[in-house]
Amino acid sequence: MKLTYLVNNPEEFAADSLKGFIAAYENYVQPVHGGVVRTNGSPQGETALVVGGGSGHYPAFAGWVGPGIAHGAVCGNVFASPSASQVRSVVKAADNGGGVVLLFGNYAGDVLHFGNGAEQLRAEGIDVRIVTISDDIASNSPDKHDDRRGIAGDLFVVKIAGAAAAAGKDVDSVEAVARRANERTRSLGVAFSGCTLPGAQSPLFTVASGTFGLGLGIHGEKGISNHEMLPARDIAQMLVEKVLAEEPPRENGYQGRVGVLLNGLGATKYEELFVLYGSVVELLEQRGLQIVAPVVDEQVTSLDMAGVSLSICFLDAELEEYWLAAADTPAFRRGALSAAESAAPTRRIVPNEEEFAIPAGSPESAACAEKAAKILEVFENTARAAEADLGRMDAIAGDGDHGQGMTLGTTAAAKAARACVSAKAGVRTLLVRAGAAWAEGAGGTSGALWGAALGRTGNSLSDERAPSTREILQAVAAGARAVPEMGGAKVGDKTMVDAIIPFAEGIEKRLDSAEPLAAIWAAAAAEAQAAAEATANISAQKGRARTHGDASIGTPDPGAISFSLLMRAAAATLS
Ligand code: ADP
Ligand code: MG
């Protein structure tokens, strides 16, 4: 049995850990809503680099905040994307007026939340660019490098982009060099054991003894193939061969000079990393490569997972200059900052904890809001009861956090709803705020999509009038239809959309029925449930589970199942 030894309340693990990290490195980082920014700010006009993602990967991402690398880090829950409002808050604190480059691993949840945050920030006049990191060669074919997921190669892209920003490059140039660093970086890892979420009683996956998994992910996604255990030199051979299969031609500025990162995943001894690195060096030199400033270290971890990944960045002169440039952050230091860099005048950062007063609605709309709050309360109880089952379902082809995400999301939504009821808010305000709280509390793909659905439902209603049954049904169907619109999934991709569309159609075809709301809702929920169960027969085409698509055959999609569970619970409450 594996456990996380040092934990208070598992749900607060990421927040507790961040708090201690900030206390330990207060000369580097200070807290803002949603994450951290540099303690000493940075020069006015300097392009700001904001990194981020879920927690559980330290040093990624907050450990890279400091002169020479990042200006801020957005910190989500364990293995869950931060929310759009967290992104917005950290970017606003980090921005020096020179534009901001957002860098994060290419995961659906992060793409959604960072994308939503960037859209809001652009509306506020901040020039925000997005570069997603996609270095993991196990996660997609070479012609789809941009669709791959991001793992330890994050370090190269972040370090290089940060050095370009520190060198005074404008936002266009920093964005361009970050893109080139990502195009030039390839990683592949092996897993010897799975990782355990704080508070969980067992790891997200296991690796049979005497074997290892090749092509691991960093969120408990197990390897894509299993192999008999080999001596370290043969594992080195396997990693080097596969990564170098994608070496670009030695032309156009690339002459075989490479940055190398041998990264421990969290529970692999440094001495073991060095054993492997000894073989890696020999193999790279045999191929005529020259290694530039290698890093053998833990830089992108996956909680307590045992394993190692090899990342190689195929350098040109500019990438090499930035890879070698000085940096001083809690977890990555190189060389010495120039006197000018150390003495540069900086901008004071104003902490920006955001609070908004809740406007009251009409008594009619507030009465409807109370009913909505009751349903969200039922969502919370239903999600808690199903948490373990949903987690197990998600662990089969995804990352095992869907149960936790649903509990965190529904809990946050129900809490926001209670605050709105106390303030006598209308139903529109209540649902919009509950949606934002859900997305923020849950992180993850499903949290962003549920947040969008609640937000759309709320925006289809009013804070003044009491909605008719028909208006409620239309608003709920509109909310459901926001999910495929935001997430891009179609029916048959094996996502929550497979249950949501039948639910929306079930409601829409009964709009003019004379039956009461509860009966219509129950009928549509039953159709959603049948569709959710039928997803067991197909393989996943979207989201994290796509990488392990066929492994999911025989198990229904967790997001579809949780959706139908909640809709049935809502129907029962309405009647
Ligand atoms: P994450 O995938 O970020 O870990 P969760 O585990 O909370 O998020 O949710 C997983 C569920 O999200 C999947 O079972 C699927 O139903 C849903 N999902 C993933 N990607 C999409 C998408 N693009 N559109 C709709 N639903 C999606
Ligand atoms: Mg998941």
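All values below come from the heavy atoms of this structure, side chains included, with hydrogens, waters and symmetry mates left out. One-based numbering, in listed order, for ligands and for the atoms of each. Numbering starts at 1 and runs along the sequence shown.
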Undergrad: When you measure from atom 26 (N) of ligand 1 to each heavy atom in L449, D493, D498, L390, which option holds the nearest one?
TA: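 It is L449 whose heavy atom sits nearest to atom 26 (N) of ligand 1.
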
Undergrad: Below 4.0 angstrom, N of the basic side chain to O of the carboxylate: do K494 and D557 qualify?
TA: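 The answer is no: the pair does not qualify as a salt bridge.
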
Undergrad: Identify, for atom 4 (O) of ligand 1, the protein heavy atom at the shortest distance, and state residue, atom and that distance.
TA: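 It is R544 NE, 2.8 Å.
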
Undergrad: With a cut-off of 4.0 Å, which atoms of ligand 1 are near a heavy atom of G444?
TA: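 With G444 as reference, the close atoms of ligand 1 come out as 3 (O).
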
Undergrad: Checking K242 now: which residues fulfil side chain to side chain contact (heavy atoms under 4.5 Å, CB included) with it, not counting sequence neighbours?
TA: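 Residues passing side chain to side chain contact (heavy atoms under 4.5 Å, CB included) with K242: I137, L188, L214, M238.
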
Undergrad: Find all atoms of ligand 1 within a distance of less than 4.0 Å from any non-hydrogen atom belonging to D394, and give their numbers and elements.
TA: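 Near D394, meaning under 4.0 Å from one of its heavy atoms, ligand 1 has 6 (O).
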
Undergrad: Go through ligand 1 atom by atom and flag the ones less than 4.0 Å from a non-hydrogen atom of D557.
TA: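 So the atoms of ligand 1 that pass are 13 (C), 14 (O), 15 (C), 16 (O).
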
Undergrad: Please indicate whether any nitrogen or oxygen in G487 is less than 3.5 Å from any nitrogen or oxygen in ligand 1.
TA: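 For ligand 1, there is an N or O atom that lies under 3.5 Å from one belonging to G487.
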
Undergrad: In terms of residue, atom name and distance, what is the protein heavy atom nearest to atom 12 (O) of ligand 1?
TA: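 Result: S446 CB, 3.8 Å.
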
Undergrad: Which salt bridge (Lys or Arg N to Asp or Glu O under 4.0 Å) pairs, counting each pair once, include a residue from residues 497-509, with sequence neighbours left out?
TA: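 Matches after skipping sequence neighbours: R481-E508, K509-E527.
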
Undergrad: Looking at R148 and E246, is there a salt bridge between them, counting it only when a charged N and a carboxylate O are closer than 4.0 Å?
TA: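 A salt bridge is present here (some side-chain N lies under 4.0 Å from a carboxylate O).
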
Undergrad: Considering both backbone and side-chain atoms of V483, is one of its nitrogen or oxygen atoms within less than 3.5 Å of a nitrogen or oxygen in ligand 1?
TA: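 No.
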
Undergrad: Is a donor on one side and an acceptor on the other found under 3.5 Å between the side chain of S193 and the backbone of A306?
TA: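 Yes; at least one donor-acceptor contact below 3.5 Å.
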
Undergrad: Show the atoms of ligand 1 that are less than 4.0 angstrom away from any heavy atom in V497.
TA: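 Selected atoms, number and element: 25 (C).
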
Undergrad: Rounded to the nearest 0.5 Å, what separation is found between the CD1 atom of I218 and the CG atom of D136?
TA: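 Here the rounded value is 9.0 Å.
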
Undergrad: Hey, can you pull the donor-acceptor pairs under 3.5 Å for the side chains in residues 5-17, sequence neighbours left out?
TA:
from, atom 1, to, atom 2, distance (Å)
N8, ND2, D16, OD2, 3.1
N9, OD1, E11, N, 3.1

Undergrad: What protein heavy atom is closest to atom 8 (O) of ligand 1, reported as residue, atom name and distance in Å?
TA: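 Of the protein heavy atoms, T445 N, 3.3 Å lies nearest.
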
Undergrad: Quick one: look up the protein heavy atom nearest atom 9 (O) of ligand 1 and list residue, atom name and how far away it is.
TA: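 Of the protein heavy atoms, H402 ND1, 3.1 Å lies nearest.
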
Undergrad: Which protein heavy atom lies closest to atom 17 (C) of ligand 1, and at what distance to 0.1 Å?
TA: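 Looking only at protein heavy atoms, the one closest to atom 17 (C) of ligand 1 is M496 SD, 4.1 Å.
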
Undergrad: May I ask you to determine how many protein N/O/S atoms are under 2.8 Å from the Mg ion (ligand 2)?
TA: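 Near the Mg ion (ligand 2), the number of protein N, O or S atoms below 2.8 Å is 3.
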
Undergrad: Using a 4.0 Å cutoff against the non-hydrogen atoms of G559, which atoms of ligand 1 qualify?
TA: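 Matching atoms, with element in brackets: 14 (O), 16 (O).
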
Undergrad: So, 4.0 Å and heavy atoms of P558: is ligand 1 close enough to count as a contact?
TA: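 P558: in contact with ligand 1 (<4.0 Å).
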
Undergrad: Do me a favour and list the nearest non-hydrogen protein atom to atom 24 (N) of ligand 1 with residue, atom name and distance?
TA: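 For this ligand atom, the closest protein heavy atom is A489 CB, 3.4 Å.
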
